[in-house]
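One-based numbering, in listed order, for ligands and for the atoms of each. Here the structure is a predicted model, which means the values were calculated and not measured.
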Amino acid sequence: MLKVAQKTLILLCAVSLSFLAQAQTIVTIPIETEQNALVLQTDKDNRLGITYFGKKLAKSSENALISKEYRLNDSNAGIYNSAYTPSGTWSLVEPALQITHADGNTSLELKYVSHETKRTDANVSQTNIVLKDPVYGVEVTLCYKVYAKENTIEQWTLIKHQEKKNILLQKYASANLYFMADNYYLRHYHGGWGREMKPEETLLTAGIKTLDSKLGTRANLFQPPTFMISFDRPATENEGNVMLGTLAWSGNFKIDFEMDLYHNLRVLAGINPHASEYSLAANQEFKTPSFIYTFSSHGKGEASRNMHDWAKKYRILDGEGSRLTLLNNWEATYFDFDETKLTGLFKDAKKLGVDMFLLDDGWFANKYPRNGDVAGLGDWQENRKKLPNGIGYLVKEATKAGVKFGIWVEPEMVNPKSELYEKHKDWVIREPERPEHYFRNQLPLDLSNPEVQDFVFGVLDNLFTKNPELAFIKWDCNAVTYNAHSAYLQKQGLPQTHLYVEYVQGLYKVLERIRAKYPKVPMMLCSGGGGRVDYEALKYFTEFWLSDNTDPLERIFIQWEYSYFYPAVAHCNHITDWSKVGLKFRTDVAMMGKMGYDIVVSNLTDKELLFSQQALENYKRINPTIWKGDLYRLQSPWEKPFASLLYSNKDKSHAVMFTYLTTNRFDIIYNPTPIKLNGLDPNKKYSVKEINLFPGTSSSLKTDLVYSGDYLMNVGINPELSGNRTSIVLELTELK
Ligand code: DGJ
């Protein structure tokens, strides 16, 4: 927490010095959370650098001394630790900001001018630091929003100028950080459809390692803008210095990790400058997306709990609220349904015991009916053959059956075989003179165009206006952006290089409007699997779809990695027939988030139905702990052939432990040793009970187990995994 900013709610510290005076004065600016600090300091030339990142010093006044311990005197390539590296003057490393001035000059220098800290409340404060080019009228404001208790910093940059004509922004990072350690281990992710969040952990070496996306609309498909860096040595769940970072931007991103001459690490994160030169008018402000990061000196587990607490309290829509369980018809029917089939499914949803029925793709379009993924996208009128009485009738029937009703949309996209395409080719992102390329037979609409924004808003607005009881939206996005060309930008005389940026800004404008009018309706962010989640989009969405891959054995790994960055309350996990693994295993894995079903309920055996009904009852009881509590990862499936995770509520009076066998090989010895628990109170006594048992089976554990938290965390417990017990859920309740 910033000491200088403790007393009043508004302005606490404002330093404003002339350029001349600044050259003589060294200014130290600590950006402090409860546990950690990022320390910034000006040098003798009034350039702002980063002198420290890590555990907060006990005495804030000692922050001013740090820089003198480092002898980073080599000025061959400029200042490596710059808080925002300009390009074109004496700094020759990867820049944060690269511009061409109105007169064609490409040089930029940034000097410290002033800073101020405003406090929003006891926990949140924001420090803005103004930097200026002494020659050209370019001004940059570095903004650091500090969430003290959550040890999380949100950083973004404002860029403006007073030049006579537009300047060109060639690179405009959100954040430029600097780390000093012996070694840096980067954990980052790659994948594809059904294979999201595959981790790689690598020792960074000299040179630049880049994570980026150029995919446009579903930018995360092959690589998300999330990563962690362990300092000195690889951090474990409970030990080591580690930072987690993620860019809050639903479009192209670029994150560079550059090791400098001193073996220090420069990190630059922001919008991908690829094909995105931005022409900025005088006095117009360009706001970069936020880069969000947290640090822990106690391992990855604590760092992720920091981020979860921040996300639940400050970012995810209704992050501290509850969620609806549901039955989805995608894998149960695909495009093949009608009113009769659907009303039957409503009854199944009720019988199962979920809160809601979610109607997926295939309910719309008439001239080119949506009976497959080749036609109809864009024509958002109910298909008269399948749904002669419209959505209104379905909402009524669902209500009659005792469940809420939600619906799927993919409003940013169009199939060339659609009336929308026929009418509005100019709304489609396409190169007019080149052959079209499709991803899932479709193309994105041009959200840089305000008319298209109105259209997309209208898709949702019409649905809600006609059906005010609609309880849920699944917002899908299945295509990347090929042939990135906008007829609208061309007509306006604006550069095509604005398209990638203005598409995302247009999307946020639409979501802003939707939330202004419909602030509460839960919405799932989906992208043909998990190709899109980020913390800007999650301002508008209550949850997201991690992957179309719902095989629980795969999901253990996918959910494990997502769980570092996003809390369980936002994870949509559906039980499907994708895999042959038993229903209990599928259900247990889905419970570690927001549980849903995408199965044919009438195909369940009596025992399976009973099991599911009981599981949903259990879930009602334990979900407050999973959604609102803390996650402790006990055993990584990457290290042993089993995984174990525990969620405990904030006062540590209730916990749920999930353990899974992740192999079916004969040649293994099932966990011979106990698994040590975490996140309990050593002084509390807990009853331990196995739940989610399949009807007709019993637990091999004793039924009346009582242990102290101390025992459970130091000795542990053996859940007795075996070929017959591959998935075990234990509920721990404090005994008073
Ligand atoms: C992709 C999604 O991931 C699926 O769940 C489903 O909604 C389909 N799209 C529908 O086309």
What do we get for [X] next to ligand 1 when only non-hydrogen atoms under 4.0 Å count, side chain, backbone, both or neither?
X: C526; result: side chain
X: R440; result: side chain
X: E410; result: neither

Tell me, do N220 and P225 make a side-chain contact under 4.5 Å, heavy atoms counted? yes
Of the choices D476, D373, N328, which has the non-hydrogen atom that lies closest to atom 9 (N) of ligand 1? D476
Nearest non-hydrogen contact to atom 11 (O) of ligand 1 from the set L546, D361, N329 belongs to D361
Of all the atoms in ligand 1, which lie at a distance below 4.0 Å from a heavy atom belonging to [X]?
X: D360; answer: 6 (C), 7 (O), 10 (C)
X: K474; answer: 4 (C), 5 (O), 6 (C), 7 (O)
X: W408; answer: 7 (O), 10 (C), 11 (O)
X: W545; answer: 3 (O), 5 (O)

Using the side chain to side chain donor-acceptor pair (under 3.5 Å) rule, take R555 and N573 through it: C-alpha gap first, then chi angles, then the decisive distance, then the call. CA-CA 9 Å; R555 289 290 286 214; N573 299 335; 2.6 Å; yes
Please say whether the positively charged group of R195, taken as NZ for Lys or CZ for Arg, lies over the ring of F222, i.e. under 6.0 angstrom from the six-membered ring centre and within 45 degrees of the axis. no
Cation-pi geometry met for K386 and F337 (6.0 Å, 45°): yes
Could you say whether the N/O atoms of D548 and ligand 1 ever approach to under 3.5 Å? yes
Distance-only donor-acceptor check, side chains S644 and T659, under 3.5 Å: yes
Parallel, tilted or perpendicular: which one describes the rings of W380 and W408, with boundaries at 30° and 60°? tilted
For F405 and F472, I'd like to know if the aromatic rings sit close, meaning centre-to-centre distance below 6.0 Å. no
